[in-house]
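Some notes on the structure that comes next.
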Amino acid sequence: NMNPKGMAIDPAVLNLANRDSSAYAVRVGYEGIKDLKISAAYSSTDEDGQLSIQNVAASGQSKLYTEAWWNYGFVGAPGADSYNVTAEYNAGFAKLGIYYTDATVRPTAVANNKELTEVTLTASKPFGPLETTLAYISTDATTGNTNVNANGARYDSVQAYLSLNF
């Protein structure tokens, strides 16, 4: 059921003790040096919120400035305090990026504390209408459960993206 005020899920309709969830985020950036962009962001969500601040159709991804490159669901969770530092540089041969995200989740209504540290390095290059990106992602996550690649174990992944612009 949707909230009559817009595209939001209403906790009252879901019988979640009528607690609304909210978040705030700030970001500052600098683009004064040719081909270099840097930014820093911070976000915080309600500790007693019942729902995550996220796109429910996109596997937990939020629009908060601190969203991780690959591991969604942390920065928008109730009780999350997160920050992100990003640097992107157009080196001519490729666009290079480094993205650092840190999220600490301490909700009051649920005993589901978790932490995430994610560092992502990217290199992107267009070839006509084909956009290519190579990403290295290093993740350290504690989630309080026994998921593979969780529970405090650092894990690394390499991803390749090919996007055709038409």
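In this chain, numbering begins with 1 at the start of the sequence shown.
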So how far is it from [X] [atom1] to [Y] [atom2], rounded to the nearest 0.5 Å?
| X | Y | atom1 | atom2 | result |
| --- | --- | --- | --- | --- |
| Phe74 | Thr117 | CZ | OG1 | 9.5 Å |
| Phe166 | Leu130 | CZ | CG | 12.0 Å |
| Ile137 | Thr122 | CD1 | OG1 | 9.5 Å |
| Thr101 | Glu67 | OG1 | CD | 7.5 Å |
| Lys37 | Glu31 | NZ | CD | 5.0 Å |
| Asp35 | Glu88 | CG | CD | 12.0 Å |

Is there a side-chain contact between [X] and [Y] (heavy atoms, below 4.5 Å)?
| X | Y | result |
| --- | --- | --- |
| Pro107 | Asn113 | yes |
| Glu115 | Arg106 | yes |
| Val26 | Tyr65 | no |
| Pro78 | Glu47 | no |

> Counting heavy atoms not belonging to Tyr99, are there more than 12 under 6.0 Å from its OH?
Replying inline: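 Atom OH in Tyr99 is crowded, with more than 12 foreign heavy atoms closer than 6.0 Å.
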
> More than 12 foreign heavy atoms under 6.0 Å from NZ of Lys125: is that the case here?
Replying inline: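 Yes.
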
Checking side-chain polar atoms at under 3.5 Å, does [X] have a donor or acceptor matched by the opposite partner on [Y]?
| X | Y | result |
| --- | --- | --- |
| Ser138 | Arg154 | yes |
| Asn84 | Thr86 | yes |
| Asp81 | Thr104 | no |
| Tyr161 | Gln159 | yes |

Where is the tightest heavy-atom contact between [X] and [Y], given as atom of each residue plus distance?
| X | Y | result |
| --- | --- | --- |
| Ala103 | Val75 | CB-CG1, 4.0 Å |
| Lys114 | Gly73 | NZ-O, 3.7 Å |
| Ile53 | Ser62 | O-CB, 3.2 Å |

>> Which label fits Tyr24 and Tyr42: parallel for a plane angle under 30°, tilted from 30 to 60°, or perpendicular past 60°?
In response: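 Geometry flag for Tyr42 against Tyr24: tilted rings.
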
> So, does Thr45 use its side chain to make a donor-acceptor pair with the main chain of Ala77 at under 3.5 Å?
Replying inline: yes

> Got a donor-acceptor contact below 3.5 angstrom from the Thr139 side chain to the Glu118 backbone?
Replying inline: no

>> In this structure, would Ile98 and Val158 fall into the same cluster of hydrophobic residues linked by side-chain contacts under 4.5 Å?
In response: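 Yes; tracing contacts between hydrophobic side chains, which count when under 4.5 Å, links both residues.
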
>> Let's go through Ser22 and Asp46 carefully: what are the C-alpha distance in whole Å and the side-chain angles of both, what is the deciding distance for side chain to side chain donor-acceptor pair (under 3.5 Å) to 0.1 Å, and is it a yes or a no?
In response: CA-CA 6 Å; Ser22 63; Asp46 283 339; 2.7 Å; yes

> Do Leu116 and Asp102 pass the side chain to side chain contact (heavy atoms under 4.5 Å, CB included) test, and can you show the C-alpha distance, the side-chain angles, and the key distance before you say yes or no?
Replying inline: CA-CA 6 Å; Leu116 166 79; Asp102 187 281; over 6 Å; no

> side chain to side chain contact (heavy atoms under 4.5 Å, CB included) between Trp70 and Thr120: does it pass, once the steps are laid out?
Replying inline: CA-CA 9 Å; Trp70 184 249; Thr120 302; 5.7 Å; no

> Under the side chain to side chain contact (heavy atoms under 4.5 Å, CB included) criterion, do Val119 and Trp69 qualify, and how do the steps go?
Replying inline: CA-CA 8 Å; Val119 177; Trp69 175 272; over 6 Å; no

>> Test side chain to side chain contact (heavy atoms under 4.5 Å, CB included) on Ile38 and Leu36; report intermediate values, then the result.
In response: CA-CA 7 Å; Ile38 56 173; Leu36 177 66; 4.2 Å; yes

